[in-house]
Peer 1: 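One structure, as structure tokens, below. Some questions next.
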2 protein chains.
Amino acid sequence: MNFAYNNLYAESIHLTDREVPVNQPAVPFPGGTGGRRGSRAALSGAAAKRVERPAPLRQAVYEALIELIVNRTLVPGQHLVEVELAEYLGVSRQPVREALQRLQTEGWVDLRPAQGAFVHLPTEEEADQLLSVRGVLETHSARLAAERATPEDVEQLWELQEAGVAALAAEDVEGLVTANAALHAFISRLSGNTVLAEMIGTVDRRVRWYYTPIARPRGNDAWNEHAELIKAIAEQDVEAAGRIMTEHTGRTRQAYHERQAVAES
Amino acid sequence: MNFAYNNLYAESIHLTDREVPVNQPAVPFPGGTGGRRGSRAALSGAAAKRVERPAPLRQAVYEALIELIVNRTLVPGQHLVEVELAEYLGVSRQPVREALQRLQTEGWVDLRPAQGAFVHLPTEEEADQLLSVRGVLETHSARLAAERATPEDVEQLWELQEAGVAALAAEDVEGLVTANAALHAFISRLSGNTVLAEMIGTVDRRVRWYYTPIARPRGNDAWNEHAELIKAIAEQDVEAAGRIMTEHTGRTRQAYHERQAVAES
DNA sequence: ATCCGGGTAATTGCATACAGTATGTCGTCT
DNA sequence: AGACGACATACTGTATGCAATTACCCGGAT
């Protein structure tokens, strides 16, 4: 049953965040085990992306598990048995455990001592709180983006907007979600605040997990609001950008609850 | 050299966040390995805290490492060799590795594939960004707290305030930092948003790491601002609470930079 | 002298083995 | 029949072993 081994590499080796493969600018640190790193002056300018590091298995496992959770193969509340995951992914328990550690701190699974990992089971209250936090972070990011966006950035924003509208017209739910994520991610990057952008990244990913089911009906309004937002950013209108983003995320939050209400009836 | 083994248990077994030792309300999950849990009707009402779970070593290691980082035993940029840490803490490499995973996602260390863990080396820019995000989160939390605080809560706030002022008078830097953390943590809990509170918790802890050196000079003003903030919360004045917190965190941020400027001269 | 090369030591990454703990089941006693 | 208790099983937690990669060191060539 370990067909997935290849799959794993073929599919999810886009080592996105974290796990920095770069070598730091050789800072001479005080304590340390002993300076083992020599200084190599040249080549410092070009931001050359080091190719093909031996991407650790834990990274691949981590991403594979998120994928399995998001697409509901692993359902909330499910007990994740380490050896099962390991066999399924064709690795040993070790990288699985390391991935689980990371998944825990990011809220995807809960680790119960001596009992193991369980796919996180979000309550409606928690989802609401997450959406609330998301609103605050996104608003801040929108304001900063409005301050700093260049015309080229705005150009890119419009392109992302078009992609989203196209997906909307094509009823491409998958594409819609992706486009939405891309737009918000780009704005967060425009903010120039890396810490903020990373935080939004993880929060949004979780939001998307809870929220995917309602992406469709909200689509129309959402992308109109996106257009408004881009306009505000283009005009560097900080207040407007912040206000629109607050409303935008607020409506998303509301849509979530309405959908919940329907789902329970 | 493994005297630290006892230390480790004696000192840092206050399993704070995460690692939920509670047994969930027995949700019947669809997939799962198979329902192994029986239902026990009685005793369900009383919220009895299950005592003394076998706290995993990784948890203790995690906390020990944070302590070592915060108190500068492990200096930023330092290469953390797994077997050294393991020997020092009196455990094997395994729990160390798991702790490092978690430390990475929370920004304490950087993991470079095939090279190991390095204590995170914060740039001034990053510290600024973190302080910026902190301001936003804390402001949100202050507003929510103002909405919901009961007179009893306000009472507690004043007690925390007194503790801080006392530490200030006694020139107790350690106590000052602790009191400050306690006050902010309490407010974040008052917000009623658990997700927000947790996020503030981790952000604040990192801020404290960067910021501890300047806690003293800023102390006086900070605690005056705290008093203002509590007043606003007591009057349930949401706008004022938010504004004061924004200013408060903004000043902290400014103080950080001024201190940096001094340090570099 | 500097740059390039091979060789060596050190360290990570992964796998496996063992021990401890919790759960489920069956039998027995009241 | 219900409840308690011992046994068996499954899974996690921890330790150890092995292979692969990396960084360092030193000698030789340019």
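The chains referred to below are lettered A, B, ... by the order of the sequence lines, with proteins before strands, and numbering in each begins at 1. Just so we're clear, the structure is a prediction, and the values are computed from it rather than from any experiment.
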Peer 1: Please report the distance, rounded to the nearest Å, between CD in Glu84(A) and C1' in dC11(D).
Peer 2: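 In whole Å, dC11(D) C1' and Glu84(A) CD are 10 Å from each other.
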Peer 1: Quick check for you: to the nearest 0.5 Å, what is the distance between His120(A) atom NE2 and Trp209(A) atom CH2?
Peer 2: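 It comes to 6.5 Å.
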Peer 1: For the pair made of CG in Leu80(A) and P in dA10(D), what is the distance, rounded to whole Å?
Peer 2: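 In whole Å, dA10(D) P lies 19 Å from Leu80(A) CG.
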Peer 1: Which nucleotide, dA23(D), dT14(D), dT12(C), lies nearest any side-chain atom of Arg58(B)?
Peer 2: dT14(D)
Peer 1: With a 4.0 Å limit, can you tell me whether His79(B) has a side-chain N or O closer than that to the phosphate oxygens OP1/OP2 of dT12(C)?
Peer 2: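 Affirmative; the distance criterion is met.
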Peer 1: Nearest of dT11(C), dC14(C), dC11(D) to any side-chain atom of Pro95(A)?
Peer 2: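 For the Pro95(A) side chain, the nearest candidate turns out to be dC14(C).
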Peer 1: To the nearest Å, give me how far apart CD (Glu82(A)) and C1' (dC14(C)) are.
Peer 2: 15 Å
Peer 1: Would you please test Glu63(B) and Arg102(B) for salt bridge (charged side-chain N to carboxylate O under 4.0 Å, His left out) and show each step?
Peer 2: CA-CA 11 Å; Glu63(B) 285 163 16; Arg102(B) 189 169 158 197; over 6 Å; no
Peer 1: Is the backbone N or O of Gly135(A) less than 3.5 Å from a side-chain atom of Glu138(A), with the two atoms forming a donor-acceptor pair by type?
Peer 2: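 Not a single qualifying donor-acceptor pair exists.
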Peer 1: Without decimals, in angstroms, what is the distance between Gln78(A) CD and dC11(D) C1'?
Peer 2: 15 Å
Peer 1: Check the distance between dC11(D)'s P and Arg97(A)'s CZ and give it to me in whole angstrom.
Peer 2: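 It works out to 14 Å between those atoms.
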Peer 1: Write down the distance between CG (Leu111(A)) and P (dT14(D)), rounded to a whole number of angstrom.
Peer 2: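 Value for this atom pair: 11 Å.
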Peer 1: To the nearest Å, how far apart are Gln59(A) CD and dG13(C) C1'?
Peer 2: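 Taking atom C1' of dG13(C) as the reference, CD of Gln59(A) is at 14 Å.
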Peer 1: If I take atom CG in residue Leu57(A) and atom C1' in nucleotide dT21(D), what distance separates them, rounded to the nearest angstrom?
Peer 2: 14 Å
Peer 1: May I ask you to decide whether Glu84(A) forms a salt bridge with Arg93(A), counting only side-chain N to carboxylate O separations under 4.0 Å?
Peer 2: no
Peer 1: Closest-nucleotide mapping onto DNA chain D: is Arg93(A) or Arg93(B) further toward the 5' terminus? I mean the 5' end.
Peer 2: Arg93(A)
Peer 1: Choose from dC14(C), dG13(D), dT12(C) the nucleotide whose nearest atom is closest to any side-chain atom of Gln94(A).
Peer 2: dC14(C)
Peer 1: Under the side-chain hydrogen bond (donor to acceptor under 3.5 Å, both in side chains) test, which residues partner Asp204(B), sequence neighbours left out?
Peer 2: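 Residues passing side-chain hydrogen bond (donor to acceptor under 3.5 Å, both in side chains) with Asp204(B): Arg134(B).
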Peer 1: Does Gly116(A) or Ser92(B) map to a spot on DNA chain D nearer the 5' end, using the closest nucleotide for each?
Peer 2: Gly116(A)
